[in-house]
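Encoded as structure tokens, the structure appears first; notes follow it.
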Amino acid sequence: MTERRYDPKTIEPKWQEIWARERTWEVSNEPDEREKSYVLEMLPYPSGEPHIGHLKNYALGDAIAHFHRRTGCRVLHPMGYDAFGLPAENNAIITGVHPREATNRSIAAYRHWFHRWGISIDWSREFATHEPTYYRWTQWIFLRMLERGLAYRKEAAVKWCPHDATVLANEQVIDGHCERCGALVEVRQLEQWFFRITDYADRLLDDLDGIDWPEYVKTMQRNWIGRSKGAEVAFRCEELGIDYPVFTTRPDTLFGATFFVMAPEHPDVFRLVAGTEHEYAAHEYVNRSLNESVQERGDAEKPKTGVALGRTVTNPVNGEQIPMYVSDYVLMEYGTGAIMAVPAHDERDFSFAQAFGLPIRRVVGTDEALPYTGDGPMIHSSPRFDGMHNRDAYEAIVAWLDVEAKGHPSVSYRLRDWLLSRQRYWGCPIPIVYCEGCGIVPVPDEDLPVELPEIEDYHPKGRSPLATAEDWVNTTCPSCGGPARRETDTMDTFVDSSWYFLRYCDARNDEAAWDPEVLSRWMPVDQYIGGVEHAILHLMYARFFVKALADMGLVDVQEPFKALFTQGMIIGADGNKMSSSKGNVVAPASIVDRYGADAARGYVLFIGPPDQDAAWSDTGVDGVERFLARLWRLGDGFAHDTAGLEPAAPAPAEQPPEPEGAALTLVRKANWAIEKVTGDMTGRFAFNTAIAAIMELVNEVYRHPDADPAARRFATATAASLVFPFAPHLGAEVYEMLTGRRVWEEPWPAADQTMLRAETFMLVCQINGKVRDRVEASTGAPRDELEQLCLEAPNVRARLDGQEVVKVIVVPDKLVNVVVR
RNA sequence: GCGGGCGUGGCGGAAUUGGUAGACGCGCCGGCCUUAGGAGCCGGUGGGCCCAGGCCCUUGGGGGUUCAAGUCCCUCCGCCCGCACCA
């Protein structure tokens, strides 16, 4: 005879088969009386097999999805794959395996594991972004952007990653290094495709106020957008008769401007020095600057460099002639590419002035050392402004310039347009052809998708590998029918993931990207869950897409993700980030094989607050597995009469009427657990304490083996019901053993409020804030009765002897504090 | 440098509104059961004193507010994250 024991290897496949066969988690697009809930985890980039972070991500989302279902929502919980991308392509260069093949293999592995983890996914909506049936619509959206002028082509100084041999968006450059591969990024002057995300800067900034996101993520986006209010002021070069506008956030310091600086990329630098003695030095300096890496150029610690242009401009507020310089600390992409320099009140201008021996004139009068960037009264700024507070002078000077037509209020942003083209193969083709006669011609909608051709050699050679597919590149112009060439760059993969959550709503629509009517039934995503690493990139691009699509009338929400939850990382047991080089990687496969999916899921949720990083611990999984086994044995005890408790036939496990003694204790504990778990899951995601509460309930049942079986059944069934969102297979199994019913079809339990309050409680008796005794008191007793009980408590009375009672504080149903002198 | 977060037993963590610090889990100690235990069950477990009834100390350090502080305020230290020539 084999021993009966908790065996996830039989339980888990049993329920997984039922859920797959019955398509339990599929949800219709038809509205019903239930409230909708769209729960979404960031879609995975399929590479090899899922790692422990994926397990946590999807265990979190699944717990929320289950909870929403059982609290009466119709829940959309879909899955897909972010399937284009460089790792598969780089791998293809080495191994020769087609990126599609490698990607599809990874997708199969991910799909397999999501099933094995028992994640409640609506599989009828599954897709991958590299499928032509998906990227057809990515291209379609690109064309809509083009029509509205939101996609455009321009030549600009762009960031180039020499290792990945492609251009990058600003967001993908971290401290001058490629966000993906870490290579030092260079600057190149190239013609590229951009999305006009800067048109949406104000809305992207302002709408952050209305969404339920972690404050620090919003702060990161605000910093990234970097809106600065200031003024644009024109400085005239009389010799050439040209006005050079500058942007400044400190128009109040205009009287302190003692020189003027242009960016090396400024188109007028060469013109200003042409034919002068400064020409050679300026050219040399500009060329040197352009060859600097992004990191060198951006280093604020580096001593200031530059050369004089031998020209002057007129300061519009006082008519002073101030010398012009070119220096690499001025950026062409920001403001106007030229600045007025106020060394007394700007650290950068100060160090430049020191390096070049230029005059420094204080215009905000304080005792503070220069450079001083704070506030104070105006000085040396003409009788008109001297003595004014600099903030008032700010307004007054801008108003005056406006009247004089020498300047006007202005706003600048740090945000740049999104560079979306990539010189790589494994991405969504840009649906454009170049015709000698017609120029840039969009591929008509009916010709979509422009499919990615097969090629022999994936090596990037400074241009897209697609350029080698001659048959594909050479085409005819959709407009004039003449010979034309296809765009050979592909799209940044962040384009693919900027709208995937829309496609889930209507994933099988082959007439349109989606039906706006259907979309409105699901959007926005009610709860989005993912890692912080996308705080700026994906999360801002997706917001931009939704706003642009909303302006086209295709989407009726302004924000894609109503609430965002950022999960913490699981780090190695040694406290380091998991990496194969450190040998501290925990593969979900090995954990699931050994402990089962429920224990693995339960542990990643129990490990600590889900938004915090937590170190993996093998013994920690043991603990969760023990807990699940204890719960299972309770269920098994009822189902198989192994403990002589009850006939085997399942029956409803309802709360017994009027329980007493140990039965009452169990019923109370069960209701307490319902209240606790429900509270931990609404508004907050305290899954760790929710699981702890269920552990307490199970412990309580073990502690009362002789209690009324009905009460034990009720408590056990409650534990199974509550544990279901975290350990769905075991929850379903135990619930079935007890009741013969399917736990996911049961409503979420509601606590019996009458069972939450005991008749008595332990009154804490304090003297001067120190606990001296505890006595039993009845719940709801009046203040004076509690005070009396406390004063009579043995340890209180003994200590009060001969002391003067100054005051007595009573906190009803909790404590009494006697203040003595 | 600027902005944000964090600091609680041997370890992960709990304390939701200022009201019993250390829930729950790990680890460790003891007991039961057992031919056996790397299974299961029960109990103990912050530190120090101890006449065994209790007493003192304890939430990174110091100071403060309060009848009462892990929680609020000031200050210092440490760790983590973000930003950092954006005029």
Side-chain angles (χ1 to χ4, degrees), chain A residues 3 5 174-175 214-217 219-220 222-224 226-228 230 246-250 253 257 261 263 297-302 304 327-331 333-342 345-349 351-352 412-416 532 535-536 573 602-603 606-609 611-624 626-627 629-630 633 676 679-680 683-684 686 688-696 698-699 702-703 705 762-774 794-795 798 806-820:
Chain A
E3 194 195 351
R5 55 180 303 177
I174 313 289
D175 283 338
E215 209 45 55
Y216 79 104
V217 176
T219 303
M220 284 169 74
R222 287 190 188 109
N223 289 343
W224 189 260
R227 177 162 68 193
S228 301
V246 301
F247 173 75
T248 177
T249 54
R250 294 295 304 276
T253 64
V261 192
R297 173 87 187 260
D299 183 4
E301 307 299 311
K302 182 184 78 165
K304 292 282 176 283
S327 174
D328 65 358
Y329 82 93
V330 176
L331 309 174
E333 316 93 90
Y334 187 77
T336 62
I339 61 158
M340 66 169 201
V342 184
H345 305 291
D346 181 282
E347 286 172 30
R348 300 150 299 181
D349 298 345
S351 35
F352 190 91
S412 265
Y413 303 88
R414 208 184 87 113
L415 182 71
R416 308 281 147 68
V532 221
I536 293 175
Y603 179 61
F606 183 66
I607 193 166
D611 56 339
Q612 281 175 32
D613 292 352
W616 180 265
S617 148
D618 283 331
T619 51
V621 200
D622 287 330
V624 172
R626 272 204 278 276
F627 153 67
R630 275 160 71 81
R633 281 198 302 276
K676 173 73 180 153
D680 282 351
R684 52 205 296 246
N688 53 333
T689 52
I691 292 170
I694 306 168
M695 287 174 169
E696 284 194 57
V698 168
N699 290 345
Y702 272 85
R703 223 169 277 138
M762 292 309 285
L763 177 70
V764 172
C765 306
Q766 296 181 332
I767 298 174
N768 288 346
K770 286 185 192 263
V771 181
R772 293 303 177 196
D773 212 338
R774 292 182 177 90
N795 289 332
V806 182
K807 198 171 169 187
V808 179
I809 282 111
V810 180
V811 182
D813 294 342
K814 215 154 229 163
L815 64 76
V816 175
N817 187 15
V818 182
V819 185
V820 299

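Chain identifiers are assigned alphabetically (A, B, ...) following the order of the sequence lines, protein sequences preceding nucleic acid strands; residue numbering begins at 1 within each chain.
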* Classify the side chain of K676(A) versus the base of rU16(B) as yes if they form a donor-acceptor pair under 3.5 Å and no if they do not. =>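 Indeed there is one.
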
* Asked: Considering only heavy atoms and no angle criterion, is a donor-acceptor pair shorter than 3.5 Å present between the side chain of N223(A) and the base of rC83(B)?
  ->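 By the distance-only test, no, there is no pair.
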
Could you give the [atom1]-to-[atom2] distance, from [X] to [N], as a whole number of Å?
X	N	atom1	atom2	answer
L815(A)	rA15(B)	CG	P	20 Å
N688(A)	rG25(B)	CG	P	13 Å
F627(A)	rG13(B)	CZ	P	20 Å
Y603(A)	rG12(B)	OH	C1'	7 Å
Y216(A)	rG5(B)	OH	C1'	10 Å
I174(A)	rG82(B)	CD1	P	9 Å
R630(A)	rC42(B)	CZ	P	5 Å
Q766(A)	rU66(B)	CD	C1'	13 Å

* **Nucleotide nearest R414(A) (side chain, heavy atoms from C-beta), chosen from rC83(B), rG25(B), rG19(B)** =>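 So the side chain of R414(A) is nearest to rC83(B).
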
* For rC51(B), the Watson-Crick or wobble partner whose two distances fall under 3.5 Å ->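 By the stated definition (distances under 3.5 Å), nothing pairs with rC51(B).
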
* Shortest non-hydrogen separation from I607(A) to A615(A) and the atoms involved ->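 Smallest interatomic distance, heavy atoms only, reads CD1-O, 3.3 Å.
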
* Asked: Does OP1 or OP2 of rC55(B) have a side-chain N or O of R772(A) closer than 4.0 Å?
  ->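 Indeed, a polar side-chain atom of R772(A) lies that close.
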
